[in-house]
Amino acid sequence: MNEVLRRLLFLPDQASTFARDVDRLHYFVIITTFIMSTAVGLTAIFFFVRYRRRSETQTTPHIEPALWMEALFVGTPLIFFTLWFFLGFREFVRQQTPPSDSMDVYVMGKKWMWKFAYPDGPNSINVLRVPAGRNVRLLMTSRDVIHSFYVPEFRIKQDVLPGRYTQTWFNATMPGRYQILCAEYCGAGHSIMRGEVIVLKPQEYENWLAFQHRGLVATQDAQPTALDFAPPLGNMVDQGRRIAAEQGCLKCHTTDGTRHIGPTWLDLYLRRERLNDGSIVVADEAYLTESMMDPALKVVEGFQPVMPSFQGKLAGPEVAALVEYIKSLQSDAVRIGPSEGPAYAPIRGR
Amino acid sequence: MSPEAASLPEGILAHHFASLERQNEAMRLGMWLFLATEILLFAGLFTGYSVYRFEFPLAFAECSRHLSLTAGTVNTIVLITSSFTVALSIHFARTDQRRAAVVCLALTILLALGFLGIKAIEYTAHFREHALPGKYYAFEEVKIPGAAMFYTLYFMMTGLHGLHVVAGMSVLTWLLWRTNQGRYSSRYYTGLELGGLYWHLVDLVWIFLYPLLYLI
Amino acid sequence: MGESGSSGRANVALHPDDRHEEHAHSAIPYVVVWIALLAFTALTYLTGKQHLGAWALFIALAIACLKSALVALIFMHLKDSSGMTRLVFGTSLVFVGILLFFTVADVATRFRPATPAGAPFGTERSRPEGLLEHEMPE
Amino acid sequence: MRLSEDDSHALAGAPAAPTYLEDGTTVMSWLNTRDHKRVGVMFLVSVILFFFLGGLFALLIRFKLLQPGPFFLDALGYNRMFTLHGVVMIFLFLIPSIPSAFGNFVLPLMLGARDVAFPRLNLFSYYLYLAGAVLAILAMIQGGADTGWTFYTPYSSTTATQVLPVLLGVFILGFSSILTGLNFIVTVHTLRAPGLSWMRLPLFVWGIYGTSIIQVLATPVIGITVLIVAVERVGGFGLFDPARGGDPVLFQHMFWFYSHPAVYIMVLPGMGVISETVAAFSRKNPFGYKAIAMSSLGIAFVGFFTWGHHMFVAGQSTFNAGAFGILSMFVGVFTAIKVFNWVGTMYRGAISFKTPFAYICGFLYFIVFGGMTGVALATTSLDIHWHDTYFVVAHFHFIMVGASVMAFLAALHYWFPKMFGRMYPEGWGLVAASLIILGFNATFIPQFLLGNFGMPRRYYQYPEHFQALNVASTAGATLLGFGFLIILIYMTIALRYGQRSEANPWGSKGFEWLTASPPPTHNFDEIPTITQMPHDYRTHEPPGVIRVA
Ligand code: HEA
Ligand code: HEA
Ligand code: CUA
Ligand SMILES: [Cu+2]
């Protein structure tokens, strides 16, 4: 029965402990809905057939409903709806209260990728590995705008807010791979802000964790990012992003504000850069182009002149695309501002 | 009705109303509905205030202490008095004392100007201290989370209120002119009354802004 | 929405506030209210300076409500205007109340880390076990 | 009975007054009119225009979604498309549609009034609407906004697209909506004809009255909210900036405080239309008149207590979710009362199956299905899976297209002879109606399934297993488009060449039919005295006996 209805309604697999319970209520609600709307429609048709207009001058009696009838009209839906509410809310509270023995994973949403961090464990991008049969709590925040962490097979979804934390939890029952979707609109990459939950058998999970502890931070679970899956979109900025990846700029430059071998590109455009000779330049288009062609000419203070020249390696349009890309890297108004990040909270009762 | 009274100006009856009385009632009801929308407009900001005050009580208390309580209090008195003079002007108009009504209206407008003046002085002080909203906030004396939010709210609430003061003043000026022409009398004073209602609303809002902003 | 009779226009005429009757309209209530408002302002000022803690807000708001009631009832003639205008004013206040209540209730009952830093009722500012600062998900 | 002087001048015997259409035919006589009927017609033309514009965007969206990958539009273009579709359909079409167009036209007629209370304000409200529309179009020309019609911060305060003109447009449109509502409330209170007591008001008037209350009380809040966002964008300070402790969820509270009640602005007038037409075409008194009338007020009131059901997974507290969850259940009951009473109205009636009746049937089915899926969404734990998926999209299209647009079409066909004195072609009407109802199901039932399947909304690209259902939906939308196109064509033709109709072609006993069709500028040669309930079909007497004062 469950299986038939699930397929009929196109519901995805039931891969968490919630799924079955949620679906059961789902069937009840949808079946009631079907019955009621069909009943109303059929009654209307029946009345039409039964009470067709027979003559153009027909008159009709004045009919007022009896009180019991109005009570029925109010009472029936009220009973059903209240019942739905109680069944649903009980489940909802369960979904909102992580059990105290859950393991924690920290989730950060960012345009347009998911980052996961395990306490005293590895970090990963877009891939969340969890053991089957274990309660997992996700403590989530966002770097820029609102995102929403959605795994259809688990029937969980929770918005991820900048500047504060939200939480959700699940207990995956079936080992396998499940898609993570972003369900809150977050811009051009919203629909490709996808990730994956890999549910491992408990032993496999332990092995993976142990392996991760052995490696260097840099080699930990280097997953391709969502951006790698992003098809070329055709505009200059996107071309620039692709070229930057192809040409290896991103080996030395970051786009998220952190310092690497070279200066970050975030907010670079029109930044006033202090050079190692003490002078100051404004990073306009000319300077950006020059930095690619003749990097050693003006070296930014605090950096080594290690950047290779790209003279002859980049065609004119490519340079232009890169410049456009760099220009597009302006941080949003949403930054780590005067208010510090939110606090970590243990699960109540732990 | 004395013949003299009959010669007093009356409102003009639009074709679709049954009587002047009904028409006045309609105008008054319309005005009150409009005031209701104004109240809900401000409610948005009051909601923001409540939420952030709830989240940052310390910052709000601290920032509030850096506002000039004297200026706030004086402004409260000014606005209350202006409300009083408007009420009086309607009273005079409806008892056919045109001169007095005009004087009261003029006084109201002066008081409104005074209110704006004092507000301007306060604003100047904030600018000097960089106690500014949002990303411009650089006030040296209060550096706790939420302080910028207080000033954002402070500027938005007083700013929106200030806009209403300006709008009210324009309405009052127009009414002053019409009263001076003798348009309002014991037989018809609805226009003036509605203008007065608007001004009282401006006062009402301030009555709440004063303790919330200046006296935490 | 009272009248449900069938007599039409005359009946619908909303209670006119006696202004066509010539009995002297007095300015004395206005003066009294004005003085009361000034007194209340002084009272707010004085209590506000006392640092009454949790009560301060309550007292200040109570006084503000009193003051605005006076303005609305006397200055704005709500006291002797038609039931409909009173209903309009009352309703608008009710809806302000709804907006305030549910929004603040939300903030007050949220998952605690869902409030920003600086909120005193937030939790202990502890780091998760074993997670160093630079490893916090940024 | 008191009459103004005008009334006594326009006594019987005077030559038939020119209809409002003939009273001045210059463009200026329209642009500068105070006549509620002309304002109504101008609104009608404008909203239909915008409906087709919004529909065009919808078709482009559907066309793109034929393919899972990039196709036809780029991501930004797609995002702009659904934003414009949402904004145009909601703010420029649906909110003003029935109240401002038909409400303006028939409400004073139903009340036996010569005009709305503030005719000049009424015209002003139309110009505000135009101004708001111009701003929105300006934004479109400059590239359009990409926030979705919900403008969630911090996305809306940081994206580089043209959000500002759209925000200002929404602000101004809000004003227009407020003024219309205010005008109607005052009109209903002060301009009822003699004998027209509250419990005799036509149900359409009750629907509009409830709508107006919401318009007046809720719209200012969206006004201030979009202003704050605008300030945040331009001025760099606002209430929702997370870097300074600002709370994005606060924006959502303020937005939905308006926008949930606003969905009742969109459906209550439609319910009013159905109450009228179901009685007229069943030739039966409305079953449970009081229940239908009072449930309009009930919806208007309780509708304010449910906004949090849009935020179950948004980081709202569990307590609030529970409170809003249970309160959402109660709104459903008021609609249920109406539905059952409409069906009851047909009982022992004398039903004639004209085009409007086809839309009534569509309406009944869609509102029950759409409404109950709404209640399903309000069932907290189910919403976790459904939130922001196509299930929600299907839910609201079921109500907004399935119910409100059907009601709009019913009204258009029912009042077309009243407004223009001509008939539409009945045969074509039924063809279009069947096409629309069929196409509608084909478009949106697959979307329910897509939602169940887990496809989030506002998705430019989607995982491939969603494709089949998407193609089905697009096919349906094409049918739907043809349906609307047919209506547009035959209505335009009927305007010029349609058969002249009688004064009351439906034999309806709604009060708006007490005057000529199209009505004269002053509506009534004499104001009727109402002596019956509306839609009293026990006799053939007209419900208002005209008496000379
Ligand atoms: C005209 C517009 C309209 C109307 C009338 C409604 C009506 C309702 N809506 Fe809908 N809704 C929208 C437009 C509308 N909605 C829009 C636009 C959105 C998306 C916004 C966005 O995010 O972009 C939305 C989203 C939306 C959500 C959020 C989903 C999400 O994002 O997660 C929810 C959740 O509770 C909801 C609930 C309801 C409910 C309970 C009603 C109720 O009023 C319905 C009441 C009606 C009935 C219940 C039918 C009649 C009942 C019977 C005949 C009963 C018989 C039954 C028995 C006897 C058992 N709506
Ligand atoms: C009144 C409201 C209304 C109406 C009537 C419609 C009508 C339609 N809507 Fe829309 N819709 C919304 C309100 C509405 N919508 C809202 C609020 C959103 C959310 C936006 C957001 O996420 O922010 C939305 C989102 C939305 C989406 C989701 C986009 C996404 O999330 O990615 C889709 C997808 O299928 C869609 C489809 C349709 C279709 C096929 C119709 C059809 O019913 C349209 C039928 C009409 C026509 C087909 C027009 C016919 C005209 C012609 C054929 C002639 C061509 C042109 C000229 C002559 C000028 N709508
Ligand atoms: Cu991230 Cu959508
Ligand atoms: Cu809603």
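None of the values given here were measured: they were computed from a predicted structure. Note on naming: letters A, B, ... go to the chains in the order of the sequence lines (proteins, then strands), and numbering restarts at 1 for each one.
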Any side-chain heavy atom of F208(B) within less than 4.5 Å of one from L61(C)? yes
Taking a cut-off of under 4.5 angstrom between non-hydrogen atoms, the residues of residues 107-119 of chain B near chain C are none
- Message: Are V33(C) and F84(B) packed together at the side-chain level, in the sense that at least one heavy-atom pair is separated by less than 4.5 angstrom?
- Response: no
Honestly, the part of L204(B) sitting under 4.5 Å from a heavy atom of chain C is side chain
Task: Test item: K67(C) and I80(B) side chains (from C-beta on) under 4.5 Å apart, heavy atoms - done: yes
**Asked** Would one find more than 12 heavy atoms of other residues, nucleotides or ligands at under 6.0 Å from atom CG of L46(C)?
**Response** yes
Under 4.5 Å to a heavy atom of chain C? For S83(B) that would be both
If one checks every heavy atom of V31(C) against chain B at 4.5 Å, the contacting part turns out to be both
Rounded to the nearest 0.5 angstrom, the CD-CZ distance for E55(B) and R110(C) is 6.5 Å
key: Test log, rule side-chain contact (heavy atoms from CB on, under 4.5 Å), inputs V96(C) and F46(B)   = CA-CA 9 Å; V96(C) 174; F46(B) 278 105; 5.8 Å; no
Max heavy-atom pairs within cutoff under 4.5 Å with chain C, candidates L215(B), L212(B), V205(B), goes to L215(B)
The interface call for T37(B) against chain C, heavy-atom contacts under 4.5 Å, is neither
Ranked by heavy-atom pairs below 4.5 Å to chain B, first place among C65(C), S68(C), A60(C) goes to S68(C)
Interatomic distance, OG1@T76(B) vs OH@Y45(C), rounded to 0.5 Å, equals 11.0 Å
Query raised in the report: With a 4.5 Å limit on heavy-atom distance, are the side chains of S50(B) and T103(C) in contact?
Result: no
Turns out that what part of Y210(B) lies under 4.5 Å from chain C's heavy atoms comes down to side chain
Looking only at heavy atoms, the pair that brings H91(B) and S26(C) closest together is CE1-C, 3.5 Å
When rounded to the nearest 0.5 Å, the distance separating CE of M76(C) from CD of E193(B) is 10.0 Å
Find out whether I39(B) and F89(C) are in side-chain contact, i.e. whether some heavy atom of one side chain is under 4.5 Å from a heavy atom of the other. yes
Output for pair (L57(C) CG, R53(B) CZ), nearest 0.5 Å, gives 4.5 Å
In this structure, CZ of F54(B) is separated from CG of D106(C) (nearest 0.5 Å) by 10.5 Å
Heaviest contributor of heavy-atom pairs below 4.5 Å to chain B, chosen from V71(C), V104(C), L38(C), is V71(C)
Rounded to the nearest 0.5 angstrom, the CH2-CZ distance for W32(B) and R86(C) is 10.5 Å
Turns out that what part of L35(B) lies under 4.5 Å from chain C's heavy atoms comes down to side chain
Of all heavy-atom pairs linking V88(C) and A36(B), the shortest is CG1-CB, 4.0 Å
For side-chain contact (heavy atoms from CB on, under 4.5 Å), just list the numbers for Y52(B) and V107(C), CA-CA rounded to whole Å, side-chain angles, deciding distance to a tenth of an Å, and then say yes or no.
CA-CA 9 Å; Y52(B) 293 123; V107(C) 182; over 6 Å; no
